[in-house]
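Single-structure report; data block below.
Every chain is numbered from 1 and lettered A, B, ... according to where its sequence line falls, protein lines coming before strand lines.
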2 protein chains.
Amino acid sequence: MATLGDLERAVMDLLWEHQEAITANILRDLLSQRTTDDNAESRPLAVTTVLTVLSRLEKKGLVERERASRPHRYRAVTSREEHTAELMLEVLGSAPDREAVLARFIGTVSPGEAQTLRTLLGRP
Amino acid sequence: MATLGDLERAVMDLLWEHQEAITANILRDLLSQRTTDDNAESRPLAVTTVLTVLSRLEKKGLVERERASRPHRYRAVTSREEHTAELMLEVLGSAPDREAVLARFIGTVSPGEAQTLRTLLGRP
DNA sequence: TAGAAGTTCTACAAGATGTAGAACGTGCTG
DNA sequence: CAGCACGTTCTACATCTTGTAGAACTTCTA
């Protein structure tokens, strides 16, 4: 349930960029724009496609919509950082080797990030 | 490509438990056993099923097999910790908000783990 | 009241995964 | 040497997820 498809991910990225809730139409425009930047040709998505994806994301609990306003407006339920952090925890899981995993993980972050982590962890 | 299905995951768990390479038949027995523990009824898996899953895991680079020995023997390519740590990195990704994600993430680990992390990070 | 704009339903293709029989290879044994 | 037993690979199919969008329904508003 955790993994998102490419389009779902693209939609979430846009929602995360916008603090304000936005409509499916705006999303479609932004998506088309984005795709045009990268690829050469690609007909813009249908709005229904975007709506379907939004419904699925809503079912997954990642998106919520304002049903009050007529063109419904959608927003991400959690921030990108929150979501990513949750995913990382999910991956880390409740295995008995959590500390071993953390050890490996820590070995890979950049020096700058290591410094950030030290600061965050504070001194014992 | 990162996510594994339930059966794939179960197979990997068993391979991770065994440092020695093991055969598909042994895996099938272990899987049947495990399933019987939890669920009430469930006919054991066919060996071909296990072989299919092993082939797929091999294609994904998670498993390698000794083709020399006649009943091929399979082993995990990386340890569970390694694999999990890699997954976590993949999730963390190369976003610009890596540090923000790490901040959230750190806030959720247990005190004991936090201590472990401090030790691992050393003092600046 | 009819059309425009929006939402929900329904549908299908492609890929991943679980599941396993069919077919093929190969060494041992009568 | 022929055929079986055991093992591997091929082929197949059902289900679920995701991308994609038309069809159908709803609801203002001119």
From CZ of B/R9 across to P of C/dG18 the rounded distance in Å is 11 Å

Which listed nucleotide (D/dT18, C/dT8, C/dG18) is nearest to the side chain of A/K60?
D/dT18

Please evaluate the base of C/dA16 for a donor-acceptor partner in the side chain of B/T3 within a cut-off of under 3.5 Å?
no

When you compare the side chain of B/V109 with that of B/T116, does any pair of heavy atoms fall below 4.5 Å?
no

A/L7 CG to C/dA13 C1': how many Å, rounded?
15 Å

With B/R65 via side-chain contact (heavy atoms from CB on, under 4.5 Å) - residues at least two apart
B/S55, B/E58, B/R67, B/H72, B/Y74

Just to confirm, is there a sub-4.0 Å distance from OP1 or OP2 of D/dT9 to any side-chain nitrogen or oxygen of B/R67?
yes

What's the closest nucleotide to the A/T49 side chain, out of D/dT20, C/dT19, C/dA20?
D/dT20

Hey, is the side chain of A/K59 poking within less than 4.0 Å of OP1 or OP2 on C/dT8, counting only N and O atoms?
no

If the sugar-phosphate is the primed atoms plus P, OP1 and OP2 and the base is the rest, what is the B/S/- string for nucleotides 25-30 of chain D, using protein heavy atoms under 4.0 Å?
------

Side-chain contact, heavy-atom cut-off 4.5 Å: B/V91 with B/V101?
no

So what does A/R65 hit on the nucleic acid, given a heavy-atom distance under 4.0 Å: a base, only sugar-phosphate, or nothing?
sugar-phosphate

Distance, rounded to the nearest Å, where B/L45 contributes CG and C/dG21 contributes P:
11 Å

Under 4.0 Å between a side-chain nitrogen and a carboxylate oxygen: does that hold for A/R56 and A/E8?
no

I need the A/L57 CG to A/L15 CG distance, nearest 0.5 Å.
7.5 Å

Nearest whole Å is fine: how far is C/dA16 P from A/L4 CG?
17 Å

NA contact type, A/T23, heavy-atom cut-off 4.0 Å: base, sugar-phosphate, or nothing?
nothing

Please tell me which of B/V53 and A/R56 maps to the more 5' nucleotide of DNA chain C, matching each residue to the nucleotide holding its nearest heavy atom.
A/R56

Measure from CG on A/L27 to P on C/dT7 and round the result to the nearest Å.
12 Å

List in chain and number order the residues that pass ring pair (Phe, Tyr, Trp, His ring centres under 6.0 Å) with A/H83, two or more places apart in sequence or in another chain; answer none if no residue qualifies.
A/W16

Considering residues at least two apart in sequence or located in another chain, which fulfil the side-chain contact (heavy atoms from CB on, under 4.5 Å) criterion with B/T23?
B/N25, B/I26, B/P71, B/R73

Spacing of OG1 belonging to B/T49 relative to CG belonging to B/L54, to within rounding of 0.5 Å
11.0 Å

Have a look at B/S55 and say if it touches a base, only the backbone sugar-phosphate, or nothing, with a 4.0 Å heavy-atom cut-off.
nothing

Quickly work out the A/L57 CG to D/dT20 P distance and round it to whole Å.
13 Å

Send over the distance from B/N25 CG to D/dG7 C1', rounded to a whole Å.
9 Å

At what angle, to 10 degrees, do the two end axes of the helix from C/dT1-D/dA30 to C/dG30-D/dC1 meet, given five pairs define each axis?
30°

Between B/R28 and B/A46, is there a donor-acceptor pair closer than 3.5 Å when you use the side chain of the first and the backbone of the second?
no

Could you work out, with side-chain contact (heavy atoms from CB on, under 4.5 Å) as the rule, every residue matching A/E64, not counting sequence neighbours?
A/R75, A/V77

The residue, A/T48 or B/E8, whose nearest nucleotide of DNA chain C is more 5′ is A/T48

Rounded interatomic separation in angstrom, taking NE2 from A/H72 and P from C/dA5:
17 Å

Across the strands shown, which category fits A/L51 at heavy-atom distances under 4.0 angstrom: base, sugar-phosphate, nothing?
base

